[in-house]
Participant: 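Dropping the structure in here first, questions after.
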Amino acid sequence: MTRCVGYLVQESNFIVEHVNLKHLIYLNNAASTWPKPACVLNAVAQAASLPYLESGRTTLEGLVSYPDEGREALSSFFHSGDPSEWVFTSNATDSLNILIHGFAASHDSPFHVITTEFEHNAVIRPLLSLKKAGKISLTIVPADSCGNISPDSIAEAITPETRLGVINHGNNVTGAVQDIRAISRVLHEDGVFSIFDGSQTAGQIPISLSDTSADAFVFTGHKYLFGTPGIGGFFLRTPEPVLPLKQGGTGFDSASPDHPGEMPVRFEAGTPNFPGIAALTAGIRYLSDTGFDQIPSHLAEMSRYLSGRLSDLDAVTLYNPDPDTPILSFNVSGTDPEDIGLVLGRRYQVITRTGLHCAPWIHQRLTNGLGCVRMSLSYLNTMDQCRIVGDIIEELVA
Amino acid sequence: MKIVKSRVSSKCTDGAIVKEFTLDIPVSDIFLQSIQSKGEVSTKHLGSNVLFTFSCDLFSMKGMVGDTIVYISHRKEDTDAVQSFLSLLFGEHSKLCS
């Protein structure tokens, strides 16, 4: 299958005015994927150029209701039920804040929360702010020796006061993916509300929410769903446990002083990000058309290759040689990871991400809080790029 | 040697800021030699690439020989003093090369 990518389509235009993107090897996809499929760029352009459909009316035939199409695409892609279970937000951080603080707001007395050492600051900081305010107590479940969170360790952490579990689905440093089915079942059986952070898994691996007991599943559009920054959202099975934190215009029921309580507008107020939703929908369609028979095999082939190259180098410490998603985090003995990132970026136009990756807890365990170099691949990376990067790193540490 | 543009790259929890400076010409071995009397210069080889660090009382500077980008870390309250020092540092090197 031809993988038509956006920057080639736009090559003669403004995008390549300042830098030569032809030689860029972009390995920072865990932060934001690049390039985007051409269909995504076209969808943004179309959404930005056409008038937006008035909510609830068909003034003009043929115009698209981006939120409706987006929710249907999400529901189909993640095998959930009613599309109205999907709420649009700005990104995963926004979603996690809405869910965590909204859940806490529905409780009058302090309660216990379970989370994991894999969490991103988008989870850590909201939870720690609630803990500091005396609203929750917190148990941080560590990963086992294989780098996974065992469902048994989650079960052991549950106390009579436990009301909430916020669990990382895919880690942005190690590439480890947790067993959402088993962990959500364990939490559900004890009546614990579960939120899964799918920022690193949505679009990377097949996810069937109907096969899980997850109460909420968070995604962002700009990573592996190939959308643009500024769009994200969450799936929420039953809305009642989470109080809405925002009120405002919804386009209907305007005479009422109260914000509507039904899904999805219960958590949505104000004008939606139409171009962002259009991009997300196009990205999901691109992934659906490509298929999960092709995507994981290509990602695994690239990941295995780079893992093998790095593992062969004595000076390199690779933190997870067999990741579930194509993330390769490493350090070079005696060298500041920032220096490696600087040389890769400035000399070779290989874009990686260095530092703590907003995941200080897992970095404390893996790198003593010193950080590392992370290479994260997307479906639009190529084996040729991996070979070039393997050669460059070999040369750097020789 | 002149600063073409600068931007704040990151802010540290200890109050330090890191600025990225773009220079009009790449950092050279001659430049590194010229600043040795102003502070401590150390270099590190990564393959064929030479990374350098310059540190003095006011700030530390990091970059790569042959590159036009350098990163300078300093305390926020020293911003003006660092700017003056850098103008002197780069200006002296320009005179040396002219």
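Below, each value reflects all heavy atoms present in this structure, side chains not excepted, and no hydrogens, waters or symmetry copies. Letters go in sequence order (proteins before strands), and every chain restarts at 1.
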Participant: More than 12 heavy atoms of other residues, nucleotides or ligands under 6.0 Å from CZ of A:Arg347: yes or no?
Facilitator: yes
Participant: Could you tell me which of A:Ile392, A:Thr335, A:Val397, A:Ile340 has the largest number of non-hydrogen atom pairs under 4.5 Å with chain B?
Facilitator: A:Thr335
Participant: Just checking A:Glu395: does its CD atom have more than 12 heavy atoms from other residues, nucleotides or ligands closer to it than 6.0 angstrom?
Facilitator: yes
Participant: Identify which part of B:Leu46 has an atom lying under 4.5 Å from any heavy atom of chain A, answering side chain, backbone, both or neither.
Facilitator: both
Participant: Look at atom CZ of A:Arg353 and say whether more than 12 heavy atoms of other residues, nucleotides or ligands are closer to it than 6.0 Å.
Facilitator: no
Participant: Does the pair B:Lys62/A:Asp336 count as a salt bridge with the N-to-O cut at 4.0 Å?
Facilitator: yes
Participant: What's the verdict on side chain to side chain contact (heavy atoms under 4.5 Å, CB included) for A:Arg346 and B:Thr68, showing C-alpha distance, side-chain angles and the deciding distance?
Facilitator: CA-CA 9 Å; A:Arg346 294 293 300 164; B:Thr68 52; 3.6 Å; yes
